[in-house]
Amino acid sequence: MFRNQYDTDVTTWSPAGRLFQVEYAMEAVKQGSAAIGLRSKTHIVLGCVNKANSELSSHQKKIFKVDDHIGVAIAGLTADGRVLSRYMRNECINYSFTYESPLPVGRLVVQLADKAQVCTQRSWKRPYGVGLLVAGLDESGAHLYYNCPSGNYFEYQAFAIGSRSQAAKTYLERRFENFSDSSRDDLVKDALMAIRETLQGETLKSSICTVAVVGVGEPFHILEQETVQQMIDAFEIVGEQEGPAAEPDAAAAAGQEAAAADQGGSTEEGVAPMDI
Amino acid sequence: MNFMASKQPENSLLGPEADSQRTLYPYVTGTSVVALKYKDGILMAADMGGSYGSTLRYKSVERIKPIGKHSLLGASGEISDFQEILRYLDELILYDNMWDDGNSLGPKEVHNYLTRVMYNRRNKFNPLWNSLVLGGVKNGQKYLGTVSMIGVNFEDNHVATGFGNHLARPILRQEWHENLSYEDGVRLLEKCMRVLLYRDRSAINKLQIAKITEEGTTISQPYSLKTYWEFSAFANPAQGAVGTW
(Lines give C-alpha, C1' and ligand atoms only; values in the text may rest on other atoms or scores of the structure.)
Protein backbone atom coordinates (compact mmCIF):
# COMPACT_ATOMS: atom_id res chain seq x y z
CA MET A 1 0.00 0.00 0.00
CA PHE A 2 1.17 3.48 -0.72
CA ARG A 3 0.47 6.65 1.17
CA ASN A 4 -2.45 8.70 -0.03
CA GLN A 5 -4.46 11.69 1.06
CA TYR A 6 -7.19 9.62 2.76
CA ASP A 7 -5.06 7.76 5.23
CA THR A 8 -4.33 10.37 7.85
CA ASP A 9 -7.14 9.60 10.25
CA VAL A 10 -9.43 6.70 10.86
CA THR A 11 -12.59 8.71 10.37
CA THR A 12 -11.83 9.53 6.74
CA TRP A 13 -13.22 7.29 4.05
CA SER A 14 -11.36 6.88 0.81
CA PRO A 15 -13.35 7.33 -2.41
CA ALA A 16 -13.13 3.57 -2.89
CA GLY A 17 -14.90 3.05 0.43
CA ARG A 18 -11.85 2.02 2.46
CA LEU A 19 -10.62 3.08 5.86
CA PHE A 20 -6.90 3.07 5.36
CA GLN A 21 -5.97 3.46 9.01
CA VAL A 22 -7.84 0.25 9.77
CA GLU A 23 -6.06 -1.51 6.95
CA TYR A 24 -2.72 -0.23 8.18
CA ALA A 25 -3.59 -1.60 11.60
CA MET A 26 -4.15 -5.02 10.02
CA GLU A 27 -0.75 -4.60 8.40
CA ALA A 28 0.75 -4.33 11.89
CA VAL A 29 -0.71 -7.74 12.65
CA LYS A 30 0.97 -9.21 9.59
CA GLN A 31 4.32 -7.89 10.79
CA GLY A 32 4.11 -9.53 14.22
CA SER A 33 5.56 -12.98 14.80
CA ALA A 34 3.33 -15.88 13.94
CA ALA A 35 0.54 -17.30 16.03
CA ILE A 36 -1.54 -20.33 15.09
CA GLY A 37 -4.63 -22.02 16.43
CA LEU A 38 -6.47 -25.23 15.64
CA ARG A 39 -9.35 -27.11 17.19
CA SER A 40 -11.01 -30.48 17.41
CA LYS A 41 -14.45 -31.16 18.83
CA THR A 42 -13.11 -31.16 22.37
CA HIS A 43 -9.76 -29.34 22.40
CA ILE A 44 -8.13 -26.23 21.06
CA VAL A 45 -4.40 -25.71 20.73
CA LEU A 46 -2.72 -22.31 20.38
CA GLY A 47 0.88 -21.92 19.38
CA CYS A 48 3.20 -19.06 18.66
CA VAL A 49 6.73 -18.28 17.65
CA ASN A 50 8.62 -16.45 20.36
CA LYS A 51 11.72 -14.77 19.07
CA ALA A 52 13.71 -12.74 21.54
CA ASN A 53 15.19 -9.49 20.29
CA SER A 54 18.67 -10.49 21.29
CA GLU A 55 20.36 -13.29 23.17
CA LEU A 56 20.43 -11.13 26.25
CA SER A 57 16.70 -10.53 26.46
CA SER A 58 13.78 -12.77 27.23
CA HIS A 59 11.01 -13.18 24.69
CA GLN A 60 7.65 -11.45 24.79
CA LYS A 61 4.64 -13.23 26.15
CA LYS A 62 2.13 -13.74 23.35
CA ILE A 63 -0.23 -16.30 24.82
CA PHE A 64 -2.46 -15.29 27.73
CA LYS A 65 -4.79 -17.25 29.91
CA VAL A 66 -8.05 -15.36 30.12
CA ASP A 67 -10.00 -17.84 32.23
CA ASP A 68 -9.97 -21.56 32.87
CA HIS A 69 -11.88 -22.11 29.68
CA ILE A 70 -10.52 -19.31 27.46
CA GLY A 71 -7.06 -18.37 26.23
CA VAL A 72 -5.73 -16.00 23.61
CA ALA A 73 -2.71 -15.81 21.32
CA ILE A 74 -1.78 -12.43 19.84
CA ALA A 75 0.18 -11.12 16.89
CA GLY A 76 1.09 -7.51 16.31
CA LEU A 77 1.53 -4.76 18.89
CA THR A 78 1.93 -6.86 22.01
CA ALA A 79 1.21 -3.86 24.22
CA ASP A 80 -2.25 -3.53 22.66
CA GLY A 81 -2.61 -7.28 23.08
CA ARG A 82 -1.91 -7.07 26.80
CA VAL A 83 -4.50 -4.36 27.27
CA LEU A 84 -7.13 -6.40 25.44
CA SER A 85 -6.21 -9.51 27.44
CA ARG A 86 -6.73 -7.55 30.61
CA TYR A 87 -10.15 -6.46 29.34
CA MET A 88 -11.05 -10.06 28.51
CA ARG A 89 -9.94 -11.30 31.93
CA ASN A 90 -12.01 -8.61 33.57
CA GLU A 91 -15.12 -9.49 31.60
CA CYS A 92 -14.72 -13.17 32.41
CA ILE A 93 -14.19 -12.62 36.08
CA ASN A 94 -17.16 -10.25 36.39
CA TYR A 95 -19.44 -12.70 34.61
CA SER A 96 -18.21 -15.57 36.77
CA PHE A 97 -18.83 -13.56 39.90
CA THR A 98 -22.36 -12.58 38.97
CA TYR A 99 -23.51 -15.84 37.42
CA GLU A 100 -21.12 -18.46 38.89
CA SER A 101 -20.78 -19.73 35.41
CA PRO A 102 -18.07 -19.34 32.74
CA LEU A 103 -18.59 -16.59 30.17
CA PRO A 104 -19.44 -18.17 26.82
CA VAL A 105 -16.56 -17.52 24.39
CA GLY A 106 -18.89 -16.40 21.65
CA ARG A 107 -20.11 -13.53 23.79
CA LEU A 108 -16.63 -12.47 24.86
CA VAL A 109 -15.53 -12.39 21.25
CA VAL A 110 -18.45 -10.17 20.26
CA GLN A 111 -17.71 -7.79 23.13
CA LEU A 112 -14.08 -7.67 22.03
CA ALA A 113 -15.07 -7.02 18.43
CA ASP A 114 -17.42 -4.22 19.44
CA LYS A 115 -14.65 -2.68 21.52
CA ALA A 116 -12.33 -2.77 18.50
CA GLN A 117 -15.02 -1.25 16.28
CA VAL A 118 -15.30 1.78 18.52
CA CYS A 119 -11.68 2.62 17.72
CA THR A 120 -12.49 2.67 14.03
CA GLN A 121 -15.13 5.33 14.47
CA ARG A 122 -13.61 7.92 16.82
CA SER A 123 -11.34 10.63 15.56
CA TRP A 124 -9.37 10.74 18.81
CA LYS A 125 -8.63 7.00 18.87
CA ARG A 126 -6.63 4.59 16.78
CA PRO A 127 -7.45 0.98 15.96
CA TYR A 128 -5.82 -1.72 18.09
CA GLY A 129 -2.77 -3.00 16.24
CA VAL A 130 -3.16 -6.60 17.28
CA GLY A 131 -4.88 -9.69 15.97
CA LEU A 132 -6.20 -12.15 18.52
CA LEU A 133 -6.75 -15.86 18.21
CA VAL A 134 -9.30 -16.62 20.95
CA ALA A 135 -9.62 -20.24 21.99
CA GLY A 136 -12.42 -21.25 24.31
CA LEU A 137 -15.02 -23.75 25.38
CA ASP A 138 -18.68 -23.20 25.91
CA GLU A 139 -21.87 -25.24 26.03
CA SER A 140 -21.78 -25.91 22.32
CA GLY A 141 -18.20 -27.21 22.31
CA ALA A 142 -14.73 -26.01 21.39
CA HIS A 143 -14.32 -22.75 19.47
CA LEU A 144 -11.52 -20.82 17.82
CA TYR A 145 -12.09 -17.23 16.78
CA TYR A 146 -9.94 -14.60 15.12
CA ASN A 147 -10.49 -10.98 16.19
CA CYS A 148 -9.30 -8.36 13.75
CA PRO A 149 -8.36 -4.69 14.39
CA SER A 150 -11.23 -3.81 12.08
CA GLY A 151 -13.74 -5.09 14.62
CA ASN A 152 -14.59 -8.17 12.60
CA TYR A 153 -14.40 -11.62 14.03
CA PHE A 154 -14.50 -15.01 12.40
CA GLU A 155 -14.73 -18.54 13.64
CA TYR A 156 -12.19 -21.06 12.40
CA GLN A 157 -11.33 -24.73 12.48
CA ALA A 158 -7.70 -23.66 12.19
CA PHE A 159 -5.95 -20.39 11.46
CA ALA A 160 -2.60 -18.63 11.49
CA ILE A 161 -1.71 -14.95 11.76
CA GLY A 162 1.47 -12.90 11.75
CA SER A 163 4.57 -13.05 9.61
CA ARG A 164 4.99 -16.11 7.37
CA SER A 165 1.60 -17.31 8.53
CA GLN A 166 0.74 -18.22 4.95
CA ALA A 167 3.08 -21.21 5.21
CA ALA A 168 1.28 -22.40 8.30
CA LYS A 169 -2.10 -21.75 6.69
CA THR A 170 -1.15 -23.86 3.71
CA TYR A 171 -0.19 -26.70 6.01
CA LEU A 172 -3.41 -26.35 7.97
CA GLU A 173 -5.53 -26.13 4.84
CA ARG A 174 -4.28 -29.53 3.80
CA ARG A 175 -5.09 -31.16 7.11
CA PHE A 176 -8.00 -29.32 8.71
CA GLU A 177 -10.67 -31.81 7.68
CA ASN A 178 -9.18 -34.33 10.10
CA PHE A 179 -8.88 -31.99 13.05
CA SER A 180 -12.44 -32.40 14.29
CA ASP A 181 -11.78 -35.96 15.40
CA SER A 182 -8.12 -35.60 16.28
CA SER A 183 -6.88 -36.62 19.67
CA ARG A 184 -5.39 -33.95 21.90
CA ASP A 185 -1.84 -35.09 21.26
CA ASP A 186 -2.30 -35.19 17.51
CA LEU A 187 -3.64 -31.69 17.66
CA VAL A 188 -0.55 -30.48 19.52
CA LYS A 189 1.63 -32.25 17.01
CA ASP A 190 -0.16 -30.53 14.16
CA ALA A 191 0.28 -27.20 15.93
CA LEU A 192 4.02 -27.78 16.25
CA MET A 193 4.23 -28.76 12.59
CA ALA A 194 2.37 -25.61 11.62
CA ILE A 195 4.72 -23.49 13.73
CA ARG A 196 7.64 -25.17 12.09
CA GLU A 197 6.29 -24.12 8.70
CA THR A 198 6.58 -20.49 9.67
CA LEU A 199 10.20 -20.89 10.70
CA GLN A 200 11.32 -21.48 7.13
CA GLY A 201 13.92 -24.09 7.71
CA GLU A 202 15.08 -22.98 11.12
CA THR A 203 15.20 -25.78 13.69
CA LEU A 204 12.11 -26.05 15.79
CA LYS A 205 13.06 -25.90 19.47
CA SER A 206 10.86 -25.41 22.50
CA SER A 207 12.88 -22.29 23.36
CA ILE A 208 11.52 -20.40 20.38
CA CYS A 209 7.89 -21.44 20.54
CA THR A 210 5.07 -21.57 23.04
CA VAL A 211 2.15 -23.97 22.99
CA ALA A 212 -1.05 -23.83 25.03
CA VAL A 213 -4.01 -26.20 25.27
CA VAL A 214 -7.58 -25.96 26.47
CA GLY A 215 -10.15 -28.72 26.29
CA VAL A 216 -13.04 -30.53 27.89
CA GLY A 217 -11.83 -31.42 31.37
CA GLU A 218 -8.55 -29.57 30.77
CA PRO A 219 -8.33 -25.95 31.86
CA PHE A 220 -6.34 -23.56 29.70
CA HIS A 221 -2.63 -23.83 30.40
CA ILE A 222 0.64 -23.19 28.64
CA LEU A 223 2.68 -26.35 28.16
CA GLU A 224 6.02 -26.54 29.93
CA GLN A 225 9.10 -26.11 27.81
CA GLU A 226 10.38 -29.64 28.54
CA THR A 227 7.02 -31.13 27.57
CA VAL A 228 7.08 -29.26 24.29
CA GLN A 229 10.65 -30.31 23.60
CA GLN A 230 9.75 -33.92 24.33
CA MET A 231 6.87 -33.72 21.89
CA ILE A 232 9.08 -32.18 19.25
CA ASP A 233 11.57 -35.02 19.72
CA ALA A 234 8.90 -37.70 19.90
CA PHE A 235 7.23 -36.60 16.72
CA GLU A 236 10.63 -36.11 15.17
CA ILE A 237 9.66 -32.70 14.00
CA VAL A 238 13.02 -31.31 13.12
CA GLY A 239 14.19 -28.72 10.62
CA GLU A 240 14.16 -29.94 7.05
CA GLN A 241 17.91 -29.78 6.53
CA GLU A 242 18.55 -32.26 9.39
CA GLY A 243 19.83 -35.35 7.57
CA PRO A 244 17.68 -37.45 5.22
CA ALA A 245 18.88 -40.49 7.25
CA ALA A 246 16.57 -39.46 10.08
CA GLU A 247 13.57 -39.25 7.79
CA PRO A 248 12.73 -42.91 7.10
CA ASP A 249 12.69 -43.41 10.89
CA ALA A 250 10.55 -40.33 11.24
CA ALA A 251 8.20 -41.68 8.60
CA ALA A 252 7.93 -45.03 10.40
CA ALA A 253 7.36 -43.47 13.80
CA ALA A 254 4.90 -40.96 12.41
CA GLY A 255 3.08 -43.72 10.56
CA GLN A 256 2.25 -45.39 13.87
CA GLU A 257 0.19 -42.41 14.98
CA ALA A 258 -3.36 -42.32 13.65
CA ALA A 259 -4.60 -41.66 10.09
CA ALA A 260 -3.62 -40.73 6.60
CA ALA A 261 -2.94 -37.25 7.84
CA ASP A 262 0.42 -38.53 8.98
CA GLN A 263 1.31 -39.94 5.60
CA GLY A 264 0.90 -36.48 4.16
CA GLY A 265 3.31 -35.18 6.81
CA SER A 266 6.03 -37.76 6.38
CA THR A 267 6.19 -37.60 2.60
CA GLU A 268 6.54 -33.89 2.97
CA GLU A 269 9.79 -34.34 4.93
CA GLY A 270 11.60 -35.64 1.84
CA VAL A 271 10.69 -32.51 -0.17
CA ALA A 272 13.01 -29.53 -0.64
CA PRO A 273 12.56 -26.55 1.71
CA MET A 274 9.89 -24.11 0.69
CA ASP A 275 11.27 -20.93 -0.76
CA ILE A 276 8.79 -18.26 0.15
CA MET B 1 -27.97 31.51 59.44
CA ASN B 2 -26.36 28.97 57.27
CA PHE B 3 -25.88 30.67 53.90
CA MET B 4 -23.68 27.90 52.66
CA ALA B 5 -26.21 25.12 53.36
CA SER B 6 -25.71 22.43 50.76
CA LYS B 7 -28.84 21.10 49.17
CA GLN B 8 -29.21 17.46 48.25
CA PRO B 9 -30.76 16.66 44.88
CA GLU B 10 -34.30 15.39 45.30
CA ASN B 11 -33.52 11.79 44.64
CA SER B 12 -30.45 11.50 46.87
CA LEU B 13 -30.16 8.66 49.34
CA LEU B 14 -28.17 10.79 51.77
CA GLY B 15 -29.73 12.79 54.56
CA PRO B 16 -33.13 12.56 56.29
CA GLU B 17 -35.28 12.32 53.13
CA ALA B 18 -33.44 9.15 52.26
CA ASP B 19 -34.93 7.23 55.16
CA SER B 20 -38.41 7.47 53.74
CA GLN B 21 -37.05 5.81 50.60
CA ARG B 22 -35.71 2.72 52.33
CA THR B 23 -37.74 -0.40 52.87
CA LEU B 24 -38.48 -0.61 56.57
CA TYR B 25 -41.30 -3.16 56.67
CA PRO B 26 -43.32 -5.10 54.14
CA TYR B 27 -46.97 -4.26 53.40
CA VAL B 28 -48.58 -6.83 51.12
CA THR B 29 -46.98 -10.18 51.75
CA GLY B 30 -47.08 -13.72 50.50
CA THR B 31 -46.45 -16.65 52.78
CA SER B 32 -44.46 -19.88 52.32
CA VAL B 33 -43.15 -21.37 49.08
CA VAL B 34 -42.17 -25.05 49.12
CA ALA B 35 -40.21 -26.83 46.40
CA LEU B 36 -38.51 -30.17 45.79
CA LYS B 37 -36.50 -32.01 43.14
CA TYR B 38 -38.15 -35.01 41.59
CA LYS B 39 -37.31 -37.48 38.84
CA ASP B 40 -37.87 -35.18 35.85
CA GLY B 41 -37.22 -31.77 37.37
CA ILE B 42 -38.55 -29.45 40.04
CA LEU B 43 -41.97 -29.13 41.68
CA MET B 44 -42.87 -25.92 43.44
CA ALA B 45 -46.01 -24.96 45.40
CA ALA B 46 -47.30 -21.69 46.80
CA ASP B 47 -50.72 -20.43 47.78
CA MET B 48 -52.29 -17.42 46.13
CA GLY B 49 -52.69 -15.20 49.15
CA GLY B 50 -51.52 -11.60 49.52
CA SER B 51 -51.94 -10.51 53.14
CA TYR B 52 -52.13 -6.89 54.23
CA GLY B 53 -50.95 -7.32 57.80
CA SER B 54 -53.44 -9.67 59.39
CA THR B 55 -56.05 -9.16 56.65
CA LEU B 56 -56.14 -11.77 53.90
CA ARG B 57 -56.66 -9.07 51.32
CA TYR B 58 -55.75 -10.50 47.93
CA LYS B 59 -56.61 -14.03 47.01
CA SER B 60 -55.38 -14.42 43.46
CA VAL B 61 -51.75 -13.49 43.66
CA GLU B 62 -49.52 -15.63 41.45
CA ARG B 63 -46.40 -16.13 43.47
CA ILE B 64 -44.67 -18.52 41.06
CA LYS B 65 -43.49 -17.31 37.66
CA PRO B 66 -41.46 -18.86 34.83
CA ILE B 67 -38.14 -17.18 34.03
CA GLY B 68 -36.67 -17.70 30.57
CA LYS B 69 -36.71 -21.25 29.21
CA HIS B 70 -35.14 -23.03 32.10
CA SER B 71 -36.29 -21.60 35.42
CA LEU B 72 -39.15 -21.02 37.85
CA LEU B 73 -39.13 -18.34 40.52
CA GLY B 74 -41.30 -18.50 43.63
CA ALA B 75 -41.38 -15.69 46.17
CA SER B 76 -42.68 -14.97 49.63
CA GLY B 77 -42.59 -11.57 51.31
CA GLU B 78 -43.42 -8.20 49.85
CA ILE B 79 -45.37 -8.65 46.60
CA SER B 80 -44.35 -5.31 45.10
CA ASP B 81 -40.68 -6.21 45.57
CA PHE B 82 -41.36 -9.54 43.86
CA GLN B 83 -42.81 -7.62 40.93
CA GLU B 84 -39.69 -5.45 40.85
CA ILE B 85 -37.51 -8.55 40.78
CA LEU B 86 -39.57 -9.90 37.88
CA ARG B 87 -38.84 -6.69 35.98
CA TYR B 88 -35.09 -7.06 36.61
CA LEU B 89 -35.20 -10.67 35.43
CA ASP B 90 -37.29 -9.78 32.43
CA GLU B 91 -34.59 -7.36 31.32
CA LEU B 92 -31.88 -9.90 32.07
CA ILE B 93 -33.56 -12.58 29.98
CA LEU B 94 -34.26 -10.09 27.22
CA TYR B 95 -30.60 -9.17 26.88
CA ASP B 96 -29.68 -12.82 27.07
CA ASN B 97 -32.02 -13.58 24.19
CA MET B 98 -30.78 -10.61 22.19
CA TRP B 99 -27.35 -12.21 21.89
CA ASP B 100 -29.13 -14.72 19.69
CA ASP B 101 -26.37 -17.28 20.08
CA GLY B 102 -26.65 -20.85 21.27
CA ASN B 103 -26.15 -19.85 24.90
CA SER B 104 -28.83 -19.15 27.50
CA LEU B 105 -28.90 -18.35 31.19
CA GLY B 106 -29.73 -21.44 33.19
CA PRO B 107 -31.22 -21.69 36.69
CA LYS B 108 -27.80 -21.62 38.34
CA GLU B 109 -26.92 -18.36 36.63
CA VAL B 110 -30.26 -16.75 37.46
CA HIS B 111 -29.95 -17.86 41.08
CA ASN B 112 -26.52 -16.31 41.41
CA TYR B 113 -27.63 -13.12 39.73
CA LEU B 114 -30.49 -12.85 42.22
CA THR B 115 -28.10 -13.50 45.10
CA ARG B 116 -25.97 -10.57 43.96
CA VAL B 117 -29.00 -8.30 43.65
CA MET B 118 -30.39 -9.23 47.08
CA TYR B 119 -27.06 -8.95 48.82
CA ASN B 120 -26.21 -5.60 47.28
CA ARG B 121 -29.59 -4.16 48.28
CA ARG B 122 -29.09 -5.47 51.82
CA ASN B 123 -25.74 -3.72 51.97
CA LYS B 124 -27.41 -0.43 51.15
CA PHE B 125 -29.94 -1.01 53.93
CA ASN B 126 -32.70 -1.02 51.33
CA PRO B 127 -33.60 -4.67 50.93
CA LEU B 128 -36.01 -6.33 48.58
CA TRP B 129 -38.20 -7.89 51.23
CA ASN B 130 -38.47 -11.37 49.75
CA SER B 131 -37.38 -14.93 50.21
CA LEU B 132 -36.96 -16.46 46.78
CA VAL B 133 -36.96 -20.01 45.51
CA LEU B 134 -35.34 -20.60 42.14
CA GLY B 135 -35.69 -23.98 40.46
CA GLY B 136 -35.02 -25.29 36.99
CA VAL B 137 -33.57 -27.86 34.65
CA LYS B 138 -30.93 -27.32 31.99
CA ASN B 139 -29.19 -29.95 29.90
CA GLY B 140 -30.56 -32.63 32.17
CA GLN B 141 -29.17 -31.00 35.30
CA LYS B 142 -31.74 -30.21 37.98
CA TYR B 143 -31.16 -27.12 40.10
CA LEU B 144 -33.00 -25.86 43.18
CA GLY B 145 -31.83 -22.92 45.26
CA THR B 146 -33.04 -20.21 47.56
CA VAL B 147 -32.04 -16.61 48.39
CA SER B 148 -33.20 -14.61 51.36
CA MET B 149 -33.65 -10.86 51.70
CA ILE B 150 -30.24 -10.55 53.28
CA GLY B 151 -28.52 -12.48 50.53
CA VAL B 152 -28.17 -15.86 52.23
CA ASN B 153 -28.22 -18.41 49.44
CA PHE B 154 -27.84 -22.14 49.06
CA GLU B 155 -28.98 -25.11 46.99
CA ASP B 156 -30.64 -28.26 48.19
CA ASN B 157 -32.89 -31.11 47.15
CA HIS B 158 -35.84 -29.43 48.82
CA VAL B 159 -36.26 -25.85 50.02
CA ALA B 160 -38.93 -23.68 51.60
CA THR B 161 -39.42 -20.11 52.74
CA GLY B 162 -40.89 -18.65 55.92
CA PHE B 163 -43.15 -21.00 57.84
CA GLY B 164 -42.38 -23.66 55.29
CA ASN B 165 -38.92 -24.00 56.81
CA HIS B 166 -40.45 -24.92 60.18
CA LEU B 167 -43.43 -26.98 59.09
CA ALA B 168 -42.65 -28.38 55.64
CA ARG B 169 -38.90 -29.08 55.73
CA PRO B 170 -39.14 -31.65 58.56
CA ILE B 171 -41.71 -33.57 56.52
CA LEU B 172 -39.49 -33.37 53.46
CA ARG B 173 -36.44 -34.50 55.38
CA GLN B 174 -38.34 -37.64 56.39
CA GLU B 175 -40.08 -38.42 53.16
CA TRP B 176 -38.07 -36.98 50.27
CA HIS B 177 -35.92 -39.36 48.26
CA GLU B 178 -34.20 -39.30 44.88
CA ASN B 179 -36.25 -39.92 41.75
CA LEU B 180 -39.67 -39.24 43.18
CA SER B 181 -42.32 -39.76 40.58
CA TYR B 182 -44.46 -36.80 39.59
CA GLU B 183 -47.48 -38.13 41.51
CA ASP B 184 -45.42 -38.83 44.64
CA GLY B 185 -43.85 -35.38 44.42
CA VAL B 186 -47.21 -33.68 44.16
CA ARG B 187 -48.58 -35.80 47.00
CA LEU B 188 -45.63 -34.83 49.18
CA LEU B 189 -46.00 -31.14 48.38
CA GLU B 190 -49.73 -31.26 49.09
CA LYS B 191 -49.00 -32.88 52.43
CA CYS B 192 -46.69 -29.97 53.26
CA MET B 193 -49.14 -27.36 52.01
CA ARG B 194 -51.98 -28.93 54.03
CA VAL B 195 -49.98 -28.67 57.24
CA LEU B 196 -49.20 -25.06 56.39
CA LEU B 197 -52.87 -24.43 55.72
CA TYR B 198 -53.81 -25.76 59.14
CA ARG B 199 -51.12 -24.00 61.04
CA ASP B 200 -50.07 -20.79 59.20
CA ARG B 201 -52.64 -18.07 59.68
CA SER B 202 -51.53 -16.24 56.52
CA ALA B 203 -52.12 -19.29 54.36
CA ILE B 204 -55.24 -19.58 52.22
CA ASN B 205 -56.80 -22.65 50.69
CA LYS B 206 -56.08 -21.79 47.10
CA LEU B 207 -52.79 -22.93 45.70
CA GLN B 208 -50.84 -23.55 42.54
CA ILE B 209 -48.29 -26.25 41.93
CA ALA B 210 -45.69 -25.57 39.25
CA LYS B 211 -43.55 -28.11 37.46
CA ILE B 212 -40.42 -27.54 35.43
CA THR B 213 -38.68 -30.20 33.35
CA GLU B 214 -36.32 -30.22 30.40
CA GLU B 215 -39.37 -29.81 28.16
CA GLY B 216 -40.68 -26.68 29.87
CA THR B 217 -42.84 -25.20 32.60
CA THR B 218 -46.42 -25.79 33.66
CA ILE B 219 -48.17 -23.88 36.39
CA SER B 220 -51.39 -25.53 37.45
CA GLN B 221 -54.71 -23.78 37.69
CA PRO B 222 -55.55 -22.74 41.24
CA TYR B 223 -57.18 -25.43 43.35
CA SER B 224 -57.98 -26.20 46.98
CA LEU B 225 -56.93 -28.91 49.35
CA LYS B 226 -59.40 -31.07 51.24
CA THR B 227 -59.23 -30.33 54.92
CA TYR B 228 -60.52 -32.12 57.99
CA TRP B 229 -61.18 -30.12 61.06
CA GLU B 230 -62.67 -32.82 63.28
CA PHE B 231 -59.39 -34.15 64.64
CA SER B 232 -59.81 -34.61 68.38
CA ALA B 233 -56.64 -32.57 68.93
CA PHE B 234 -58.32 -29.66 67.17
CA ALA B 235 -61.50 -30.06 69.27
CA ASN B 236 -59.76 -29.32 72.51
CA PRO B 237 -56.42 -27.74 71.60
CA ALA B 238 -55.65 -26.48 75.08
CA GLN B 239 -55.84 -29.94 76.62
CA GLY B 240 -52.46 -30.86 77.97
CA ALA B 241 -50.95 -27.46 77.09
CA VAL B 242 -49.99 -25.92 80.40
CA GLY B 243 -50.55 -22.18 80.66
CA THR B 244 -52.29 -21.72 77.34
CA TRP B 245 -55.77 -20.26 76.88
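Because the structure is a prediction, the values reported are computed rather than measured. Chain identifiers are assigned alphabetically (A, B, ...) following the order of the sequence lines, protein sequences preceding nucleic acid strands; residue numbering begins at 1 within each chain.
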Has A:Q60 got more than 12 heavy atoms of other residues, nucleotides or ligands less than 6.0 Å from its CD? no
Would you say the side chain of A:T98 lies within less than 4.5 Å of the side chain of B:N112, judging by non-hydrogen atoms? no
CZ of B:F163: more than 12 outside heavy atoms within 6.0 angstrom? no
Counting heavy atoms not belonging to B:K191, are there more than 12 under 6.0 Å from its NZ? no
Does atom NE2 of B:H166 have more than 12 heavy-atom neighbours, drawn from other residues, nucleotides or ligands, at distances under 6.0 Å? no
Flag the pair B:R116 and A:E100 as a salt bridge only when some basic side-chain nitrogen lies within less than 4.0 angstrom of an acidic carboxylate oxygen. no
Part of A:F97 lying under 4.5 Å from any heavy atom of chain B: both
Does a side-chain heavy-atom distance below 4.5 Å link A:R107 with B:D96? yes
Does A:E224 CD have over 12 foreign heavy atoms under 6.0 Å away? no
Rounded to the nearest 0.5 Å, how far apart are CG of B:L105 and OG of A:S101? 8.5 Å
Around atom OH of A:Y24, are there more than 12 heavy atoms from other residues, nucleotides or ligands closer than 6.0 Å? yes
Indicate yes or no: at least one non-hydrogen side-chain atom of B:L92 is less than 4.5 angstrom from one of A:Y99. yes
Select one option (side chain, backbone, both, neither) describing which atoms of B:N103 are under 4.5 Å from chain A's heavy atoms. both
